[in-house]
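Throughout, residue positions are numbered sequentially from 1 according to the sequence presented. As the structure lists them, so they are numbered: ligands from 1, and atoms in each ligand from 1.
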Amino acid sequence: MADAASIALYSTFIIPNHLSHTISSRNSNSYTSIPTPFLPIQTRRRNHHHHQTFVLRCCITTTTTVNQKKNPIPWGCDTDSLENASALQKWLSEAGLPPQKMNLQRVEVGERGLVALKNIRKGENLLFIPPSLVISADSEWSSPEAGQVLKRNSVPDWPFLATYLISEASFMKSSRWSSYISALPRQPYSLLYWTRSELDKYLVASQIRERAIERVNDVAGTYNDLRLRIFSKYPHLFPEEVFNMETFKWSFGILFSRLVRLPSMDGRVALVPWADMLNHSCEVETFLDYDKSSKGIVFTTDRPYQPGEQVFISYGKKSNGELLLSYGFVPKEGTNPSDSVELSLSLNKSDKCYKEKSEALRKHSLSVSQRFPLQIKGWPLELMAYAYLAVSPPDMRNSFEEMAAAASTKTSSKKDMRYLEIEEQALQFILDSCETSISKYTKFLQGSESMDLDVTSPKQINRKLFLKQLAVDLCTSERRILFRAQYILRRRLRDMRTGELKALTILNGFRKFFK
Ligand SMILES: C[S@@+](CC[C@H](N)C(=O)[O-])C[C@H]1O[C@@H](n2cnc3c(N)ncnc32)[C@H](O)[C@@H]1O
């Protein structure tokens with residue numbers, strides 16, 4: 001994912017990327033995740049940005065969980081519906097959106113999307129959405145008192161906007177955002193809507209499962225925190241029939257899949273109606289931002305479009321797993337250059353220096369079990385440093401500290417450290433972890449062919465088939481990266497071992513000669 005420099009480049013559809021365990025390198029060939037703690041209500045964090053491709057997408061209604069049956073979200077529309085599209089476009093133009101070169105239509109990629117009405121040149125600015133049509137923490141509340149209560153309690157942007165969206169939705173036609181909210185998906189695609197047993201079953205092999213569980217817990221924790229600290233004290237402003245777990249899941253699902261960070265507006269996060277109808281493509285790099293000269297939200301096309309073609313932007317350099325987590329889709333295998341898979345490495349509990357090593361890791365905010373991103377083009381230096389530490393013998397204890405520091409993304413000056421004496425063991429250690437992971441993926445993928453979908457009604461079949469297909473696509477792409485790493489590691493180890501053998505043969509030759 002993006003490092004500090006690329007945060008500024010990718011502004012669109014941000015998520016608070018709370019992979020606090022993910023390590024990544026700062027070097028230009030590698031990729032990073034920004035460990036941003038999620039939305040603890042006490043901390044104020046802003047974050048950013050994205051990337052795309054093509055997906056299997058079947059039109060299904062995923063509203064089948066028990067809770068949703070009890071408490072269906074009373075606003076929004078089906079994900080593939082154009083039911084409220086013309087009302088949205090009419091409202092937008094009346095509210096000041098200039099004439100557009102694109103139209104909201106049903107599309108192959110992303111179900112609904114913006115399609116070129118005219119020829120669009122490469123390098124052209126599109127959209128020009130005025131700030132008055134943008135939803136941010138400064139937007140006016142239909143219930144000003146509710147907004148003041150949240151501000152007095154210094155609620156951070158994400159929970160603030162999630163509450164705002166529910167509040168405005170509950171005002172229905174009398175909210176100024178009514179046409180926008182009616183066109184939002186009633187159930188955004190997001191792992192937030194997978195049940196725990198679906199996550200366990202379909203994502204058993206992938207580290208994304210853990211991140212999805214963390215995210216579900218974070219959303220529930222944030223809602224509970226708001227309820228305890230604020231909502232329960234002002235029930236007339238925040239009645240539970242409106243502000244409940246189900247509506248928060250919806251509003252966070254909307255934020256995860258549609259919130260934008262605007263670099264030119266000091267990184268302000270916002271929902272940008274109309275712009276959020278643009279789907280993501282891994283093949284484009286353009287992103288949304290505020291343009292000071294035209295005083296509107298724009299993006300600059302990085303390729304031409306002909307009438308009838310869908311126009312795309314980039315949601316950022318995200319892995320397939322991250323795209324599934326926040327947006328509910330998986331690009332086709334091999335089409336996402338930013339794809340990565342997390343490899344989990346752990347210290348061996350029977351290691352004689354386990355305590356010293358874990359202490360060295362702790363000093364650098366790392367743990368005895370750590371996840372590192374692998375990409376098709378390689379892995380970060382931090383992973384290699386962690387592997388050195390994991391395999392180093394007691395007589396190298398003086399280097400533990402240096403290795404732990406190098407395994408941390410927080411250490412700024414990173415040199416490509418090498419410990420030749422343990423390089424082979426370190427590579428073998430990474431290879432073993434890769435192979436353990438590959439076998440988990442293979443077991444899941446083989447089992448998925450004959451997997452019992454556990455359905456009790458025909459309606460559920462579509463949903464389960466859909467989730468299974470997403471999981472299969474994700475696991476296939478993640479395993480592909482692991483296979484590549486396995487190939488490289490095996491080759492490096494083979495070269496090292498044959499090199500050693502050769503050196504040994506030459507040495508023996510010398511010995512014989514001198515005898
Ligand atoms: C910002 S919205 C884009 C507009 C959306 N298609 C709609 O109709 O509301 C993001 C959502 O669009 C869909 N999407 C975006 N890019 C996609 C892609 N490349 N493939 C499949 N779905 C995509 C996903 O459902 C995602 O959660």
Any pair counted as salt bridge (charged side-chain N to carboxylate O under 4.0 Å, His left out), so long as it reaches residues 96-105, sequence neighbours left out: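 As it turns out, the salt bridge (charged side-chain N to carboxylate O under 4.0 Å, His left out) pairs with a partner in residues 96-105, which skip direct neighbours, are Lys101-Glu124.
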Sequence neighbours excluded, every pair satisfying salt bridge (charged side-chain N to carboxylate O under 4.0 Å, His left out) that has a member inside residues 160-179: none
Test side chain to side chain contact (heavy atoms under 4.5 Å, CB included) applied to Asn84 and Ser179, step by step: CA-CA 7 Å; Asn84 302 320; Ser179 303; over 6 Å; no
Return a yes/no value for [X]: is any of its N or O atoms, backbone included, closer than 3.5 angstrom to an N or O of ligand 1?
| X | answer |
| --- | --- |
| Arg112 | yes |
| Asn279 | yes |
| Gly110 | yes |
| Ser257 | no |
| Arg258 | yes |

Any Leu278 heavy atom less than 4.0 Å from ligand 1: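 The answer is yes: ligand 1 sits under 4.0 Å from a heavy atom of Leu278.
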Glu111 to ligand 1, any heavy atom closer than 4.0 Å: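 No, Glu111 has no heavy atom closer than 4.0 Å to ligand 1.
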Near [X], which atoms of ligand 1 are under 4.0 Å from a heavy atom of that residue?
| X | value |
| --- | --- |
| Asp276 | 1 (C), 2 (S), 3 (C), 4 (C) |
| Val109 | 18 (C), 19 (N), 20 (N) |
| Tyr327 | 24 (C), 25 (O), 26 (C), 27 (O) |

Side-chain H-bond candidate by donor/acceptor type, Ser264 with Asp289, under 3.5 Å: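 Distance-only check passes for Ser264 and Asp289.
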Side chain to side chain contact (heavy atoms under 4.5 Å, CB included) assessment of Ser326 paired with Arg215: CA-CA 10 Å; Ser326 298; Arg215 183 168 285 186; 2.8 Å; yes
Tyr202 and Met451, any side-chain heavy atoms less than 4.5 Å apart: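 Yes, side chains in contact.
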Sidechain N-carboxylate O distance under 4.0 Å for Arg209, Glu214: no
